[in-house]
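What follows is a short report on a single structure.
Since this is a predicted model, take the numbers as computed values, not measurements. Here is how names work: the chains are called A, B, and so on, in the same order as the sequence lines, proteins then strands, and each is numbered from 1. For the numbers below, each heavy atom of this structure counts, side chains included, while hydrogens, waters and symmetry mates do not.
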There are 2 protein chains.
Amino acid sequence: MENRKQLVERLRAVGLRPTLQRIALGELLFSKGDRHLCAEDLHAEARAALVPVSLATVYNTLNQFKAAGLLREIAIEGDRSYFDTNTSNHYHFFDDEKHELMDIEIGDLTVTGLPEAPEGKVIDRIDVIVRLRDA
Amino acid sequence: MENRKQLVERLRAVGLRPTLQRIALGELLFSKGDRHLCAEDLHAEARAALVPVSLATVYNTLNQFKAAGLLREIAIEGDRSYFDTNTSNHYHFFDDEKHELMDIEIGDLTVTGLPEAPEGKVIDRIDVIVRLRDA
DNA sequence: TTACATGCAAACTGTTTGCAAATAT
DNA sequence: ATATTTGCAAACAGTTTGCATGTAA
């Protein structure tokens, strides 16, 4: 989906120095299609890939990527924060038992009958989480 | 919306002893229409109402009420957990600047084109959060 | 050579828990 | 009388931060 040179450019474009750690984390995040993961997940992947990155740097990097619009945070209640490498408009299934997130293709699902935003506000985006349980 | 006697009955019905603290918190929660609040909010209200309740008990009570179906937890990313006293099917506006939740009447908003749930799963419920920003 | 990034450990925040004292049945 | 609930303080998890060291420009 993205090679190293493109990634370096993308980092520069958002004002982040393309350091070893940011490149390595960026490759883990953006080279395997759309992903949903938390800081611990990414840290474990990095260590498995023999990339020495501290957990603090993983947190900082995720937050910087999020602020730069490279990632989106997904709101699910619970202890951990999840990030989505797909920043385009789409929705999610959430499996509460397996604690797993899956994409729903945007084409499938439509939200209609949206009320007016309150005075002085506009709608920024709409998050939809379809919660699953065992049949 | 609910007087003390009804509340006591409701607590008994879900297997919770109607203690002083649970009744007091229940009245704060269920006597003022639909509310969205976190543990600290409720604790502050209780102290303001001169009800001596510890924060730990507020947390325990919120979790017990949630497990009993008296409350619903709302997923918004961030540090605190929010609870909704309206457990019926409805959606929310979320004002990220003011960190404030508002109900959207269910009649207004419809979600269509829902894809099949994955094998072995069924849809439990659908959460919709309409995120607002300053115009 | 200057500003920014990293790693570590310590700090911090929201939440949960263990245990003795208090309360509901 | 017995089981449950409470409050406190300590434990806990995830996340952030301060500061010295290392790295990019």
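Comparing atom distances between the A:S54 side chain and each of D:dA24, D:dG7, C:dG7 picks out C:dG7 as nearest. Of the listed nucleotides (D:dG7, C:dG7, C:dA3), C:dA3 has the atom at the smallest distance from the side chain of A:R17. Here C:dT15 is the nucleotide among C:dG7, C:dT15, D:dT6 with the atom lying nearest to any side-chain atom of B:A39.
Base engagement by A:N60 is indicated by at least one non-hydrogen atom pair under 4.0 Å involving a base atom. If you check every strand for non-hydrogen atoms under 4.0 Å, B:R80 touches sugar and phosphate atoms only.
In this structure, the separation between CD on B:Q64 and CG on B:L11 is 10.0 Å, given to the nearest 0.5 Å. In this structure, the separation between CZ on A:R72 and OG1 on A:T85 is 11.0 Å, given to the nearest 0.5 Å.
The distance from atom NE2 of A:H99 to atom P of D:dG14 is 11 Å, rounded to the nearest whole Å. Whole-Å rounding puts the B:L55 CG to C:dG14 P distance at 10 Å. Taking atom CZ of residue B:F83 and atom C1' of nucleotide C:dG14, one finds them 12 Å apart after rounding to whole Å. The OH-C1' distance, from B:Y59 to D:dT5, rounds to 19 Å in whole Å. Between the CZ atom of A:R12 and the P atom of C:dA3 there is a distance of 19 Å, given to the nearest Å. One interatomic measurement links the two molecules: CG of A:D79 to C1' of D:dA13, which rounds to 7 Å at whole-angstrom precision. Following rounding to the nearest Å, B:L62 (CG) and D:dT6 (P) show an atom-to-atom distance of 12 Å. Atom CG in B:N63 sits about 15 Å away from atom C1' in D:dT5, given to the nearest Å.
When the nearest nucleotides of DNA chain C are assigned to B:L20 and B:Y82 by heavy-atom distance, the more 5′-ward of the two goes with B:Y82. Comparing A:Q64 and B:P18 by the nucleotide of DNA chain C whose heavy atom lies nearest to each, the residue mapping closer to the 5' end is A:Q64. Both B:R22 and A:C38 lie near DNA chain D, and the one whose nearest nucleotide falls closer to the 5' end is B:R22.
Taking side-chain N and O atoms only, B:S81 has a distance below 4.0 Å to OP1 or OP2 of C:dT15. B:T19 has no side-chain polar atom (N or O) that falls below the 4.0 Å cut-off from OP1 or OP2 of C:dA24. Taking 4.0 angstrom as the limit, A:Q21 places a side-chain polar atom (N or O) nearer than this to OP1 or OP2 of C:dG7.
In this structure the side chain of B:E9 reaches within 4.5 angstrom of the side chain of B:R12, judged on heavy atoms.
Using cut-offs of 30° and 60° on the angle between ring planes, the pair B:H36 and B:H90 is tilted.
With hydrogens and angles left out, the side-chain atoms of A:S81 and B:E77 include no donor and acceptor closer than 3.5 Å.
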